[in-house]
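Throughout, a chain's letter reflects where its sequence line sits, starting with A, and its residues are numbered from 1.
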Amino acid sequence: MSSALPHVYISEFKHHVGEQVRLKGWVYNIRSSGKLMFPEFRDGSGIVQGVVSKKDVSDSVWQQFETLTQESSVIVTGTISKHPKLENVYELHVSDLDIIHIAHDYPITPKEHGVEFLADKRHLWLRSKRQWAIMRVRHEVINAIRDFFNQRDFTLIDSPIITPNAVEGTTTLFELDYFDLGKAYLTQSGQLYGEASAMAFGKVYVFGPTFRAEKSKTRRHLTEFWMVEPEMAYYDLEMTMALAEEFVEYIVQRVLEKRKEELTVLERDLTKLEKITRPFHRLSYTDAVEWLNKHNVKLIKKAADGSETEIDFPWGEDFGAPQEEALMAQFDKPCIIHRYPAEVKAFYMKRDPENPKLALAMDMLAPEGAGEIIGGSQREDSYEALLERLREHNLPQEPFEWYLDLRRYGSVPHSGFGLGLERTVKWICGLEHIRETSPYPRMIYRNTP
RNA sequence: UCCGCGAUAGCUCAGCGGUAGAGCAAUCGGCUGUUAACCGAUGGGUCGCAGGUUCGAAUCCUGCUCGCGGAGCCA
């Protein structure tokens, strides 16, 4: 047996050309041509083509290869060489084989499958090349997020997943029974806790799962997703927008630097990502409305009887998908839209001192139709103003007493934003559907596997 | 919640009133540089469920179930 030979991961093959090594992995696909066989192996670090020549191996090894099926697990001994025709491609000239387990009738065949079928087999789908590439990009985005904030002296503070009340009062939450304390909810944002933490640690970030029980059925929505939410004491809206731009540039350039192979598997147009450098675009809400009307982007109003009428976009209305799409069509970089009408935004956002009808809010829209990836704002730091906002939004004061404490004891201007991990990965990978960005996605009509 | 679309072999789909089909996968055979390899053969079906129209329904009609996409909401 050749157990003395070193085990080498496929990703390291380029450093071991000419050496005899062992590969521990699975059969990805097999092609054969008479006395030649081309099994493809994967081991989690990559995929490599094996070459088995009948004249070079014993009869028993050849016969063993003939029994291999897709996704059977194997330990293969062979010599690494360069591909005779392709640049920067390596192959394994096989001399010996240990079969660990033979897989029977692996359901995901090398042919097209529908999304529903693949979603049912998500636990197996993750083994395929595309999903491998996406998860590796996701991993890199997560690392970039952590590194970005850690390098800038932010402290990671985890917010609770189980919360006693709604943050914004608008979205639908997952409800659960919490012993004798009554109803509790799965968090839809760690922001309020982020604010409290920022008063203790200056600059913090919350990074964890978030839950929304809305019945959204689109390519942009999951019911469970990850969000990173930095929150900074003594930051105003301008500083926050600048940080958000630096942050997004950092993430994209980092993925471009470290995960080119994965992006290539996904056939991503790298030139589109290379352009994601500052300065990004910025547009006030008011200017955006003006632009929409100048370019005849109408708002479709639906009446109760189902009839539709097209009207000029009225100032004060929130943007929907058609408006965001039209605005972004002119840009190949992200664009921040800031200073929205206060009425369409959350209670905790600070009013613009120069125009109280505006909130110091901002959204970052990504290009190529990727949509909103960031939402943020400067927070209301006045006790009296915040109290008034709670009343305007018909929110009870009692559950927010702890939050009001932040304005009672050493209140300071502060700001923050939230970035959706899966939407960012979807954009960077150039995916059609957000479901592929989560290893085990949760959607309105699916919570399995 | 609203508006569209769909359900036929393990998978992807064609068939749209007259004996249920193809490609891939599976099984068997052929091929020494293949790249979702290719070539030949074999097996494989409660046409989502229930009812109706008809001499005859996968096909037309009604209801139901499940799913997909979009809107709204948002990251």
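- With rA75(B), rU1(B), rC73(B) as the choices, the nucleotide that has an atom nearest any side-chain atom of Leu222(A) turns out to be rA75(B).
- With rounding to whole Å, Glu116(A) atom CD is found 11 Å from rC13(B) atom P.
- rA75(B) and rG6(B) have their P atoms separated by 35 Å, given to the nearest Å.
- For the residue pair Gln191(A) / Tyr348(A), a side-chain donor-acceptor distance below 3.5 Å is found, with atom types taken as modelled.
- Residue Arg435(A) places at least one side-chain N or O under 4.0 Å from the OP1 or OP2 atom of rG69(B).
- Ring-plane geometry between Phe347(A) and Tyr403(A) is classed as perpendicular, the angle between the planes exceeding 60 degrees on a 0 to 90 degree scale with a lower cut at 30.
- Nucleotides rA9(B) and rU62(B), compared at atom C1', are 29 Å apart to the nearest Å.
- Judged by distance alone with a 3.5 Å cut-off, a donor-acceptor contact links the side chain of Ser216(A) to the base of rC73(B).
- For rG43(B), there is no paired nucleotide, since no Watson-Crick or G-U wobble pair has both relevant distances below 3.5 Å.
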Practice task
Report the C-alpha distance between Arg282(A) and Met241(A) in whole Å, list the side-chain angles of each, state the deciding distance to 0.1 Å, and finish with yes or no for side chain to side chain contact (heavy atoms under 4.5 Å, CB included).
Solution key: CA-CA 9 Å; Arg282(A) 284 191 197 179; Met241(A) 290 196 289; 3.5 Å; yes

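- Summarising the geometry, the separation between CD1 on Ile374(A) and P on rC74(B) is reported as 17 Å, rounded to the nearest angstrom.
- Pair assignment for rG51(B): rC61(B), on the basis of Watson-Crick or G-U wobble contacts that are both within less than 3.5 Å.
- Distance NE2 (His113(A)) to P (rG23(B)): 17 Å, rounded to an integer number of Å.
- Within a 6.0 Å sphere centred on OH of Tyr9(A), heavy atoms belonging to other residues, nucleotides or ligands number 12 at most.
- Between Trp226(A) and Phe207(A), the ring planes are perpendicular. Angles over 60° get that label, and only those under 30° would be called parallel.
- Between the CD1 atom of Ile30(A) and the C1' atom of rC38(B) there is a distance of 16 Å, given to the nearest Å.
- Within the 4.0 angstrom heavy-atom criterion, base atoms lie near Phe225(A).
- In this structure, Thr223(A) contributes its side chain and Arg442(A) its backbone to a donor-acceptor pair below 3.5 Å.
- Residue Asn29(A) is in sugar-phosphate contact alone, with no base atom involved, counting any heavy-atom pair closer than 4.0 Å across all strands shown.
- rC60(B) and rC24(B) have their P atoms separated by 30 Å, given to the nearest Å.
- rA71(B) sits 41 Å from rU35(B) when the P atoms are compared, rounded to a whole Å.
- With a 6.0 Å cutoff to the six-membered ring centre and a 45° limit on the axis angle, Lys357(A) counts as a cation-pi contact of Trp315(A).
- Within the shown strands, rG6(B) is the pairing partner of rC66(B) under the Watson-Crick or G-U definition, both distances less than 3.5 Å.
- For His221(A) and rC74(B), a side-chain-to-base donor-acceptor distance below 3.5 Å is present, hydrogens and geometry of angles not being considered.
- One C1' atom belongs to rG17(B), the other to rC55(B), and the distance between them is 12 Å to the nearest Å.
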Problem - Protein-to-nucleotide contact annotation, 5' to 3' order, nucleotides 26-34 of chain B [B base; S sugar-phosphate only; - none; under 4.0 Å, heavy atom] - result: S----BBBB

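- The residue Leu419(A) sits apart from the nucleic acid: no heavy atom pair falls under 4.0 Å.
- When the shell of 6.0 Å around NZ of Lys82(A) is examined, it contains 12 or fewer heavy atoms from other residues, nucleotides or ligands.
- Comparing the P positions of rG15(B) and rG56(B) gives a spacing of 26 Å, expressed to the nearest Å.
- Contact check, Arg130(A) against rA36(B): no side-chain N or O comes under 4.0 Å of OP1 or OP2.
- One can place CD of Gln323(A) at 11 Å from P of rA71(B), the figure rounded to the nearest angstrom.
- The local environment of CD in Glu432(A) is sparse, with at most 12 non-hydrogen atoms from other residues, nucleotides or ligands closer than 6.0 Å.
- Base pairing analysis places rG56(B) opposite nothing; no Watson-Crick or G-U wobble pair with both distances below 3.5 Å involves it.
- A donor-acceptor pair shorter than 3.5 Å can be found between the side chains of Gln131(A) and Glu436(A).
- Taking atom CD1 on Ile108(A) and atom P on rA36(B), their separation rounds to 18 Å, with Å as the unit.
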Fill in the blank from the handout: Each nucleotide of nucleotides 4-9 of chain B classed B (base within 4.0 Å of a protein heavy atom), S (only sugar-phosphate) or -, in 5' to 3' order, makes ------

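- With a cut-off of 3.5 Å on both Watson-Crick or G-U wobble distances, the partner of rA36(B) is given as none.
- With hydrogens and angles ignored, no donor-acceptor pair closer than 3.5 Å exists between the side chain of Arg446(A) and the base of rC68(B).
- Where Trp226(A) and Tyr106(A) each meet RNA chain B at their nearest nucleotide, the meeting point lying more 5' is that of Tyr106(A).
- Within 4.0 Å (heavy atoms only), Gly371(A) reaches no atom of the nucleic acid at all.
- Base pairing analysis places rC11(B) opposite rG23(B); the two distances defining the Watson-Crick or G-U wobble pair are each below 3.5 Å.
- Between the CG atom of Asp120(A) and the P atom of rC66(B) there is a distance of 15 Å, rounded to whole Å.
- Judged by Watson-Crick or G-U wobble contacts below 3.5 Å, the nucleotide rA71(B) has rU1(B) as its partner.
- Phe319(A) and Tyr340(A) have perpendicular rings, their planes meeting at more than 60° on a 0 to 90° scale where under 30° would count as parallel.
- The distance between atom OH of Tyr340(A) and atom C1' of rC73(B), rounded to the nearest whole Å, is 14 Å.
- Rounded to a whole angstrom, the distance from the C1' atom of rG23(B) to that of rC38(B) is 14 Å.
- A side-chain donor from one of Glu195(A) and His414(A) sits under 3.5 Å from a side-chain acceptor of the other.
- Taking atom P on both rU42(B) and rA22(B), the two are 11 Å apart, rounded to the nearest angstrom.
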